[in-house]
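Have a look at the structure below, then the notes.
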Amino acid sequence: MKEDQVKSLMIEQDQFLKSEKSKSISERIQTLEKLKASIKSHEQDIVDALYKDFQKPEFEVFTTELFVAYKELNLFIKKIKKWSKPKSISSAWLNFPSSDKIYYVPWGKVLVIAPWNYPFQLAITPVIGAIACGNTVVLKPSEHAPYTANVLEKIISEVFEDSQAKVIQGAVDTAQVLLDQKWDYVFFTGSVPVGRIVSQQIAKHMTPHTLELGGKNPCIVDASANLDIAAKRICWGKFLNAGQTCIAPDYLLIHSDIREKFQQKLIETLKDFYGDSSKASSDYARIIHASHFERLDGFLNDQKVIYGGISNAETNFISPTLVDSPDFDSPLMKEEIFGPILPLFSFTDFKDLEETINSFDKPLSLYVFSENSSFTNQVNQSFDFGGGVINDTIVHFVNDKLPFGGVGASGVGNYHGRASFEAFTRQKPIVHRKNWLDIPIKYPPYKRLDSFKSFLNLFR
């Protein structure tokens, strides 16, 4: 879409925001119900699209894409009226007599830029929050998942007028045109390097934003851990979606006392999950596109592969792969892996953990497997990360009562459930002063400085 077309669309959305329809919460709820019905009617289209894009297993489509979307829709349909009510706040006694309230108002025109790894769920979830809160939306889905992008465009066009929500497809040049405009809010999900570019682009307009990024998420396996359960939960969280998950474990730190035993359990678990040939498994996805495949395949150069390491450029296939203690200066450890490659390291004491984890930017997630509560508390208190789980991986994402987001380089802001409501509204405070009492001390000419200094002593 050309820049003049985008500007024309934004004018339409400005007009919608001034309409009574945008202000009506009952209208928003009806729209969300309509969106839910449209998604339901296109379930098979979504399943087919995700398979065409990167052979995503149908079970994973329902659990990681559709389930999350339905859950968010149901929550907003149920809660948006209650959340949107003005909140009465106790007044400052200096303003006596007055009544104070916080009003929750939409930002306005919201731009959502979605990624390719969960191309339906990570596109539609912020759209749900933005629309529920009374904003308009322009959604740019990822060009690397074109079949899913087409289904998203079909659903959005069925449910919304362009003045309320519209999908604009395109590649980097389209994103550049969109980011050049003055939005009221920008919601971006993607890689850390692209997130930095987005942040720089929108800074010129001082646009409030949410950046959902990623990082090198550590996963610690203590000697006290239940190794059978840990192996299953780590392999599930890491190799779900062929490892293309921003909160997947990026590397393992295994206590040296159990290293060999746990390594073998990981191998056995992967064989249980995907058989002797994961390429033949219908439960294992592919890498999204050729350039990402080449990036991941290159990571394996000169590495000591413990298990897997099989790749096929024709089908963008990389098998679940375990790598032994790669050099921290290698490409594999220089950036987020975002694929089905899992480096394994050993540690002997807590100092080892600190040296390793603190050598990277603050991660989006951290996982620790241990039956020792003192150890898990020490981990939680010693490291800063977006969110974490004890004795499992990635499951914090599904609880809509928990805010989801990063810290530092792994992201800015939170969303999901109530946190999405707080992201897509701003708090507008209003103080309503009464007229039946008006204390004159604040007005010029100022004659009571000594009295005020005495009063100030109460705060000194």
Residue pair [X] / [Y], side-chain heavy-atom distance below 4.5 Å:
X: S91; Y: S98; answer: yes
X: L266; Y: L344; answer: yes
X: E58; Y: Y51; answer: no
X: P141; Y: V167; answer: yes
X: E161; Y: F16; answer: no
X: I430; Y: Y103; answer: yes
X: M333; Y: F345; answer: yes
X: P218; Y: Y251; answer: yes

Exercise: do [X] and [Y] side chains pair donor with acceptor under 3.5 Å:
X: E422; Y: Q427; answer: no
X: D222; Y: S224; answer: yes
X: K279; Y: T315; answer: no
X: E336; Y: N217; answer: no
X: T245; Y: Y118; answer: yes

Nearest heavy atoms of [X] and [Y], plus distance in Å:
X: E65; Y: Q121; value: OE1-N, 2.7 Å
X: Q201; Y: K204; value: O-CG, 3.1 Å
X: A123; Y: P119; value: CB-O, 3.4 Å
X: R28; Y: S84; value: NH1-OG, 4.3 Å
X: Y367; Y: A248; value: CE1-C, 4.4 Å
X: Q181; Y: V177; value: NE2-O, 2.9 Å

- Message: Walk me through whether S278 and F239 qualify under side-chain contact (heavy atoms from CB on, under 4.5 Å).
- Response: CA-CA 11 Å; S278 53; F239 299 105; over 6 Å; no

Backbone N or O of [Y] within a donor-acceptor pair of the [X] side chain at under 3.5 Å?
X: K79; Y: G417; result: no
X: T269; Y: K265; result: yes
X: K238; Y: I341; result: yes
X: H292; Y: N316; result: no
X: K216; Y: D250; result: no
X: Q244; Y: N241; result: yes
X: S157; Y: K154; result: yes
X: R295; Y: I337; result: yes
X: E294; Y: H289; result: no
X: T31; Y: E27; result: yes

For [X], is the [atom1] atom crowded, meaning more than 12 foreign heavy atoms sit under 6.0 Å from it?
X: K434; atom1: NZ; result: yes
X: R433; atom1: CZ; result: yes
X: K71; atom1: NZ; result: yes
X: Y147; atom1: OH; result: no
X: K182; atom1: NZ; result: no
X: L94; atom1: CG; result: yes

- Give me the one residue out of L178, I202, I168, V198 that meets side chain to side chain contact (heavy atoms under 4.5 Å, CB included) with L111.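 The passing option is L178.
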
- In a check of side chain to side chain contact (heavy atoms under 4.5 Å, CB included) between F369 and each of L227, I390, T393, which one passes?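 One option only clears the test, and that one is T393.
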
- Message: Under the side chain to side chain donor-acceptor pair (under 3.5 Å) test against Q176, which residue among D173, T174, D180 passes?
- Response: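 Answer after filtering D173, T174, D180: D180.
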
- Would Y274 and W236 count as a close aromatic pair, with their ring centres under 6.0 Å?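 No, too far apart.
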
- Message: Suppose the criterion is ring-ring contact (aromatic ring centres under 6.0 Å, His included): which pairs have a residue in residues 163-220, not counting sequence neighbours?
- Response: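 Qualifying pairs, neighbours excluded: W107-Y185, Y185-F424, F187-Y415, F187-F424.
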
- Does a side-chain N-to-carboxylate-O contact under 4.0 Å join E3 and K7?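 Here E3 pairs with K7 in a salt bridge, since their nearest N and O are under 4.0 Å apart.
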
- Please work out whether the ring planes of F421 and W83 are parallel, tilted or perpendicular, with thresholds of 30° and 60°.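 Because their plane-to-plane angle lies in the 30° to 60° range, the rings of F421 and W83 count as tilted.
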
- Item | F67 and F59: CA distance, side-chain angles, deciding distance, ring-ring contact (aromatic ring centres under 6.0 Å, His included) verdict | CA-CA 11 Å; F67 171 71; F59 184 84; over 10 Å; no

